[in-house]
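Counting starts at 1 for both ligands and their atoms, following the listed order.
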Amino acid sequence: MPSPAKKRKNNAPESSPQRMRSIESFFRGQATKRAKTAANPAEPVSESKQEVLTDEELARKLQAEWDREDRAAASSAQPAESAHQAEQLKSSTPLPAPVNDVRAKSEAVRTKETLSLQSSIGSEDTIVSSIPFDQSPLTFEPSKYVDELQRHWASDGGDATYALLTRGQGLKTLYDKHGDAGDVAFEAKKRQSFTLKRPKPLTIKGVYQSLMKIAKSKGPGSQESKQRIVEKLLQDSRGAEESRYIVRILVQNLRIGAVKTTMLIALARAFLFSKPKGAEFTVRSPQELSRLKKEELADVYSKAEEIVKASYARHPNYDDLVPCLLEIGVTEELLVRCGLTLHVPLRPMLGSITRDLSDMLTKLQGRDFACEYKYDGQRAQVHCDEKGKVSIFSRHLELMTDKYPDLVSLVPAIRGESVSSFILEGEVVAVDPDSGELKSFQILTNRAKKNVELGSIKVNVCLFAFDLMYLNGEPLLDRPFRERRELLRSLFTEIPNRFTWVKSLDATSADSDAVLEFFKGATEAKCEGIMVKVLDNVAKSEPDKSVGISYEREEMEQEVLESEQNGQDGLQSIKSEPKEKVSRRKPLLATYEPDKRLESWLKVKKDYSTSSDTLDLIPIGAWHGQGRKAKWWSPILMAVRNPETGVLEAVTKCMSGFTDKFYQANKEKYSEGGENVISRPSYVEYAGEPDVWFEPQEVWEMAFADITLSPTYTAAIGLVSDERGLSLRFPRFLRVREDKSIDEASTSDDLAALWRKQVERSKMEEVHQVADEDEKLGWQED
Ligand code: ATP
């Protein structure tokens, strides 16, 4: 199923066949044009040249046209035309003195339209650019700037200008650091731009309203009206900076590294430090917070962030979240006021990958868990209110009620008498309606995406329910899985081959044979493997023996630091010196944790059982091949994504696992001068310079020998070591993940987690080795 990100990408002009020009070519072009114009300024610009006019050429051309028109108007003195022009003028700029005669009006029009090369920088811009947005909130004093800004805005209706959003120093610093050629070119263009008249400043509210109009317009003629709104926004934007962000907002990629997490953290901090006039909640003053110790401050921040993130995970809608924050600030109450709500999809809980069954059994040692078939279909969240209204949402929160009218029609029958409202979750799978035999995911994709008619359904489906998150007006997220599952199975009614429970087996790590049988059964039934879920929370008095959540980050960093201080490679020293250490593990929770990928849900896939861990990486660049591979790209630079910053972090160069056919197709796809080869992107982190940069657009699954701490690659830097990133040894291409968009590629956190796992594995091996040796020694001594 394409994710929204995938769709976004498909629609985004950025992904359209348009190659980013190199900065050199930009300046070369401009310089040639300037030279020509300077040589003969009066030269009329030909039609064919019009497409490539510089701003200056356009300005001169318009000026020449207007002069010609004025001369013609003056000689024929057409009253009607002049009156019309005067009318136009009246509606836009009131004249300072009464102008009665037509001639004077015509003169005034000419004066108004005479090209003036105005600078688009005003005094407000000076104030905005002097605001130190990059300063710590502990020292930043907004009150210094607010009054002055508000005075400026008052003359234009009082709304904050859009310029405020587009000129903070922080963004500038970021551009300077990353030096995106496209952005630099844009900067250069900005300096050359001339405006015919100073447009009324765009306001944040105005831009927002225009975007809403675009989002809401539909039906015949909507294409044109959307286009007009965009044109107007671009016309009205003052200078390149504003138009840059207008365009980026429209293509839904701001390229400033601000992702969902950044937004939520920013909101949490904003409401820690400030509140609107009249709001009754308490905020902490910067002075008070700056007196706290570093760890105490981090704690204050993270508590607030957790609340905002939890609220968003349960109710992902900024239109509801922000008004709530304005009213009550960051308090636990936010989870009640802006929490789980019928017909608003919550972000699903996700499962972590495991290497194989024994890895899973080791992780869940000492815990009761449920093994469930991992069906190969489409995840569905079904909401039903007391009135019987049903909404169905996808894994990516898209509304798909129209796609499954057959499931909607089942609701009255599956909902037991005592159920008034609910949110349940399950996997929709294509099935044979008579035998119930499972069909492949490919069959399911043949179903239309919307407006499916009940009478004309050819792809029959069954919903295999696995969780219940809300019942009769109450969220169940905090209840353990065993209880939620019990409610689901006792209060709802199965309908053979249409609505039923996922096949499951309750077990513990001692039941390895039964679990293996169950796993085999799942794969034979064409399932992808099994999902394993912790059934109960650990009682407070009991220690959690499971090793699900391995190292705490600080602990890991400490180990690396210690080993590095000893002058050793972090990984090597950990391998050779297993330490006796009680790690602070968080117990695995059996609660439903929206938007979290915890180890209380584990995925064991059939393709994992033979191979070891793999990563889903994004190809971002390449070098010219050598020898036999000279006509292709090889090696290819691969990256993980950092969801916190939006940056793609290079992690390895891959040159094995590719067939010649694949190499050929790859070279055609990323041909030099083609649409998929771009100039160095600002959102990539890599110290080197490949021969070409790819427009990131696909995900490749990679196998590898192991993960190493690297002095060159910065992927996951700060997660296991402050100085070094992580890299892969002997990476090998396995396959293209057609089903994943780049937003679903492995993250730096995944990489760090695999590294920790590797360290832990080598420690275990070490322990076993020592035990084996002890045993041998004991035997010899005997
Ligand atoms: P994820 O959805 O975890 O981000 P992914 O897209 O790679 O990762 P998979 O690794 O295939 O997906 O596994 C997770 C998906 O498996 C779930 O999102 C859900 O759609 C599906 N699934 C099938 N059976 C179950 C089950 N019994 N419990 C939970 N999920 C299930």
Which of the atoms in ligand 1, numbered in the order shown and given with their element, are less than 4.0 Å from a heavy-atom of Lys740?
7 (O)

Answer with yes or no whether Glu744 contacts ligand 1, where contact means a heavy atom under 4.0 Å from a ligand atom.
no

Closest non-hydrogen atom pair between Leu407 and Arg498, with its separation
CD2-O, 4.4 Å

Are Val699 and Leu617 close enough, and set up right, to give a side-chain contact (heavy atoms from CB on, under 4.5 Å), and what steps lead you there?
CA-CA 5 Å; Val699 179; Leu617 304 180; over 6 Å; no

Which one holds for Lys374 and ligand 1: side chain close, backbone close, both close, or neither close, with close meaning a heavy atom under 4.0 Å?
both

Could you check whether any side-chain N or O of Asp511 sits under 3.5 Å from a backbone N or O of Ala514, counting only pairs where one atom can act as donor and the other as acceptor?
no

Ser394 side chain to Glu398 backbone, donor-acceptor under 3.5 Å
yes

Out of Arg395, Lys503, Glu427, the nearest non-hydrogen contact to atom 20 (O) of ligand 1 is supplied by Glu427

Which of these, Met531, Glu425, His396, has its nearest heavy atom closest to atom 25 (C) of ligand 1?
Met531

Numbered atoms of ligand 1 (with element) below 4.0 Å of Val502, judged on heavy atoms
27 (N)

Who gets closest to atom 24 (N) of ligand 1 by heavy atom: Phe441, Tyr375, Phe466?
Tyr375

Under the 6.0 Å and 45° cation-pi test, does Lys533 pair with Phe466?
yes

Residue Lys533 vicinity, atoms of ligand 1 by number, heavy atom under 4.0 Å:
26 (C), 28 (N), 29 (C)

Residues Lys740 and Glu698 bridged, charged N to O under 4.0 Å
no

Phe464 near ligand 1, heavy-atom distance under 4.0 Å?
no

Do Asp595 and Arg314 sit within salt-bridge range, that is, some charged N less than 4.0 Å from a carboxylate O?
no

Return yes when Gln378 approaches ligand 1 closer than 4.0 angstrom through a heavy atom, no otherwise.
no

Less than 6.0 Å separating the ring centroids of Phe464 and Phe499?
no

Only heavy atoms of Arg379, strictly under 4.0 Å: list the atoms of ligand 1 that pass.
17 (C), 18 (O), 19 (C), 20 (O)

Arg597 heavy atoms within 4.0 Å reach ligand 1 at atoms 1 (P), 3 (O), 4 (O)

For ligand 1, which atoms, with element, lie under 4.0 Å from some heavy atom of Lys605?
9 (P), 10 (O), 11 (O)

When you check the side-chain N and O atoms of Ser504 and Glu372, is any donor under 3.5 Å from an acceptor?
no

